[in-house]
2 protein chains.
Amino acid sequence: MSDDDSLKVALTPSMEAYILHWGEMGPQWGVNRTVAQIHALLWIWSEALDADTIAATLGVARSNVSNSLRELRDWGLVKPANALGRRKELFTADKDPWEVFLQVLRERRKREIEPTLKALRGFVAMAEKEKSPEAVGAKKRMLELSELMEQLCAIHDTASALPPALLRKALKGGKLLSIFKS
Amino acid sequence: MSDDDSLKVALTPSMEAYILHWGEMGPQWGVNRTVAQIHALLWIWSEALDADTIAATLGVARSNVSNSLRELRDWGLVKPANALGRRKELFTADKDPWEVFLQVLRERRKREIEPTLKALRGFVAMAEKEKSPEAVGAKKRMLELSELMEQLCAIHDTASALPPALLRKALKGGKLLSIFKS
DNA sequence: CTGAATTTTCAGTAGCGACAGAAAAATGCA
DNA sequence: TGCATTTTTCTGTCGCTACTGAAAATTCAG
């Protein structure tokens, strides 16, 4: 706590606890601690914050904040808020949990699922030339896996084509669940 | 490739490519490269393999395989196959992509979602005592987030209560998608 | 019970990513 | 256009995790 306290934002205990917890979760979701903490801070704090304030509040280097903010922008989770009359840039995060969730889903699909699916199809093509029994079984499995991924993508496509409000309502109301039971 | 080649299993090019790719994906899903590679190998290979063979095939230390296999057993992704008359233990992975996917879902829920949900409820309780406008907004958001997680858990519960075959059929047939459109 | 085969644990190492701090670049007001 | 403010890039360090190889423990045949 040797930082410039004058910039710090006054976190309540619950906010601090939340930010710390989120920071621990981050690594398991493919972003590092600082990135996750910054997102947590911007998500929980109503007003937009500038980079220096974030750095002071979280007790990390200014440069670290700069890099982390870029990553969050690449993820589509943080956007610049225009600073009326302010010199410093301000940043905010979308506050709607569903939007955040769906955005992470979109991004992970783009970054991981799609490339893997493409690679998988390549492997299947490669396996066409391989005639051993082992190779035949492997090819079959790789094909099944790619089909699974395609199905998941199709579900995602349909769901994300809907107006968000409708999607949320459908899931909340348990209407979705009924389909499984019929 | 200075290992004992005599134990190695003969991977086709497509298998090798698949294992390498999976190894790269692993870290983004919360397991390290070796763990992911071993799972890929056991998944793609029809017969059960012993630890030494795995080590030789992947070119990693025997002890590394031992630890990784334990982790995979903890994830419920690999199980010992009884070695009829063999001294060495053999291991296999479930070959069904859907089963693997659902198992990962189950496990991640148990390890990450549930504890976070519990923590979140604690934070909300903590926030009850905090009366500033900022704290009120934060509490509201944390509550919304916990509700989102509860809904996702409910969907997961319903889906996993079904016989697997039925679930797969529902998803494949696109029946699921229709609910969104109505 | 003894000793070989096998697995697990342990301690040390190496490599990689996160991070801080300094230097460079960019921005925008006078 | 010059200068102060702010942001980004760059370089080096630190810490952590994955990994190896060796030692310890376990298992099992004879």
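All heavy atoms count here, side chains included; hydrogens, waters and symmetry mates do not. Each chain gets a letter, A, B and so on, in the order its sequence line appears, and its residues count up from 1.
Note that A:Arg141 lies outside the cation-pi zone of B:Trp45, set by a 6.0 Å cut-off to the ring centre and a 45° limit from the axis. Both tests do not hold together for A:Arg108 against A:Trp75: distance to the six-membered ring centre under 6.0 Å, angle to the ring axis within 45°.
Transitive grouping of hydrophobic side chains (ILVMFWY, heavy atoms separated by less than 4.5 Å) keeps B:Leu58 and B:Leu90 in distinct clusters.
For the pair A:Arg87 and A:Asn67, nearest-nucleotide mapping onto DNA chain C gives the more 5' position to A:Asn67. Between B:Val35 and A:Phe91, the residue whose closest nucleotide on DNA chain D is further toward the 5' end is A:Phe91.
Among C:dC19, D:dT20, C:dT8, the nucleotide with an atom closest to any side-chain atom of B:Ala61 is D:dT20. Distances from the side chain of B:Ser63 to the nucleotides C:dT7, C:dT9, C:dA22 place C:dT9 closest. The side chain of B:Ser66 sits closest to C:dT8 out of C:dA20, D:dT9, C:dT8.
Across the protein-nucleic acid pair, B:Leu90 atom CG and C:dT7 atom C1' stand 14 Å apart, rounded to whole Å. B:Asp50 has its CG atom 12 Å from the C1' atom of C:dA5, to the nearest Å. Here the P atom of nucleotide D:dT20 and the CD1 atom of B:Ile54 are 14 Å apart, to the nearest Å. For B:Glu71 and D:dT17, the CD to C1' distance is 12 Å, given to the nearest whole Å. Put simply, NZ on B:Lys88 is 15 Å from C1' on C:dT8, counting in whole angstrom units. Between the CD atom of B:Glu89 and the C1' atom of D:dC28 there is a distance of 13 Å, rounded to whole Å. What separates CG of A:Asp52 from P of D:dA4 is a distance of 19 Å, to the nearest Å. The interatomic distance linking A:Glu24 (CD) with D:dC16 (P) rounds to 12 Å, in whole Å.
The residue B:Arg62 sits close to a base: some heavy atom pair falls under 4.0 Å.
At D:dC19, one or more side-chain N or O atoms of B:Arg33 fall inside 4.0 Å of OP1 or OP2 (strictly under the cut-off). For D:dC19, one of the phosphate oxygens OP1 or OP2 lies less than 4.0 angstrom from a side-chain nitrogen or oxygen of B:Thr34. Of the side-chain N and O atoms in A:Asn32, one or more sit less than 4.0 angstrom from OP1 or OP2 of C:dC19.
Side-chain contact of B:Ser14 with A:Glu130: a donor-acceptor pair under 3.5 Å is present, judged by distance alone.
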Between B:Ile38 and B:Val60, is a side chain to side chain contact (heavy atoms under 4.5 Å, CB included) present by the stated rule, with each step listed?
CA-CA 10 Å; B:Ile38 292 177; B:Val60 298; 5.5 Å; no
